[in-house]
Amino acid sequence: AKWLREWEYTVDDVLTATQETVKAQNPSFGYIDSILKNRRGETGAFSGMKAVFSHLGARSMPTPEQLQWYDARLQEGFEPGTIELAAMQQARKNNSSFEGLDFLIGMWRERGLFARAAAEAYVTRNRALLNEFAALLRAADIEKRPTEDDIAAFAGWKEALPDEVIALAAARAKGKSYPISF
């Protein structure tokens with residue numbers, strides 16, 4: 001009851017911990033309890049990382065290193081909701097790896113996106129730019145999915161140039177090896 005209700009582990013989490021008892025000379029419920037307690041950590045990061053893992057679709061328990069990573073992000077000033085939003089964005093990209101989440105959080109750190117509201121505004125803006133840019137590329141018969149860097153370039157073009165000029169440039173880029181660079 002403690003493991004499932006109080007500590008919010010799943011049955012799969014407990015079964016994973018029981019598999020680690022093969023390393024013990026005298027496996028016991030006490031040994032499983034200590035494994036689960038160590039995984040939980042003492043920092044409160046466990047429930048936050050469980051939420052992140054849930055968004056990523058991960059079925060495993062957070063490792064002590066991942067809990068330390070979470071605590072370090074909070075110490076940097078990230079709100080828990082911002083980290084969860086990053087996990088949701090990774091899931092949307094079909095990239096549920098922890099490494100992908102770490103990379104995205106690093107990008108958001110560089111952009112100063114520590115608060116969830118700021119990160120949501122950034123995501124909303126980028127999604128609108130992505131949709132607009134993808135439509136422009138389709139209209140120019142360019143089969144390429146824009147990257148983050150492409151979207152940033154597109155945003156710069158929109159600030160400096162009329163839409164007609166950007167559309168003309170896209171039409172002329174058709175058939176080029178690197179149409180967006182062109």
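Hydrophobic clustering (side-chain heavy atoms under 4.5 Å, transitive across Ile, Leu, Val, Met, Phe, Trp, Tyr) keeps Y178 apart from I180. Both Y122 and L101 belong to a single network of hydrophobic side chains, linked directly or stepwise wherever heavy atoms of I, L, V, M, F, W or Y lie under 4.5 Å apart. No path of Ile, Leu, Val, Met, Phe, Trp and Tyr side chains, each step under 4.5 Å between heavy atoms, connects W157 with L168, placing them in separate hydrophobic clusters. Under a hydrophobic clustering in which Ile, Leu, Val, Met, Phe, Trp and Tyr are joined whenever their side-chain heavy atoms come within less than 4.5 Å, directly or via other members, L161 and F182 fall into different clusters. No single ILVMFWY cluster, assembled from side-chain heavy atoms under 4.5 Å apart, contains both I151 and F103.
Proximity of a side-chain donor or acceptor of T18 to a complementary backbone N or O of L15 within less than 3.5 Å is detected. Side-chain N or O atoms of T82 include none that pairs as donor or acceptor with a backbone N or O of F78 at under 3.5 Å. A side-chain donor-acceptor contact under 3.5 Å links T16 to the backbone of D12. Side chain of E79 to main chain of R116: a donor-acceptor pair is present (N/O by atom type, distance under 3.5 Å, no hydrogens or angles).
Smallest separation of non-hydrogen atoms from N95 and L56: O-CD2, 4.3 Å. Heavy atoms only, all atoms of each residue included: A170 and A140 are closest at O-CB, 3.5 Å. Nearest heavy atoms, L136 versus A167: CD1-CA, 3.6 Å.
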| task | Begin with the C-alpha distance, continue with both residues' side-chain angles, and end with the deciding distance and a verdict on salt bridge (charged side-chain N to carboxylate O under 4.0 Å, His left out) for R145 and D150. | result | CA-CA 9 Å; R145 177 155 174 84; D150 297 339; over 6 Å; no

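Under the rule for a side-chain contact (heavy atoms from CB on, under 4.5 Å), the partners of Q89 that lie at least two apart in sequence or sit in another chain are L85, R92, L104, W108, V123, R127.
Around atom CD of E143, no more than 12 heavy atoms belonging to other residues, nucleotides or ligands sit under 6.0 Å away. Heavy atoms of other residues, nucleotides or ligands lying less than 6.0 angstrom from CZ of R172 number 12 at most. Heavy-atom contacts from other residues, nucleotides or ligands closer than 6.0 Å to NZ of K176 number 12 or fewer.
You'll find the side chain of I142 stays beyond 4.5 Å of the side chain of R138, heavy atoms only. No side-chain heavy atom of F98 sits under 4.5 Å from any side-chain heavy atom of E65. Contact annotation: the side chain of Y70 never approaches that of Q66 to less than 4.5 Å [non-hydrogen atoms, C-beta and beyond]. When side chains are defined from C-beta on, I83 does not count as touching F114, because their heavy atoms never get closer than 4.5 Å. Residues E148 and N126 have side chains in contact (heavy-atom distance under 4.5 Å, counting atoms from C-beta outward).
The structure places CZ of F154 at 5.5 Å from CD1 of I166, a figure rounded to the nearest 0.5 Å. A distance of 10.5 Å separates NZ in K2 from OH in Y9, rounded to the nearest 0.5 Å. To the nearest 0.5 Å, atom CD of residue E110 and atom CE of residue M107 are 7.5 Å apart. The line from CD of Q68 to CE of M49 is 11.5 Å long, rounded to the nearest 0.5 Å. The CD1 atom of I105 sits 9.5 Å away from the CG atom of L113 when rounded to the nearest 0.5 Å. With rounding to the nearest 0.5 angstrom, the OG atom of S97 is 6.5 Å from the CD atom of Q90.
With respect to the salt-bridge test (charged N to carboxylate O, under 4.0 angstrom), the residues K158 and E132 qualify.
Side-chain atoms of D149 and T147 form no donor-acceptor pair, as typed in the model, at a separation below 3.5 Å.
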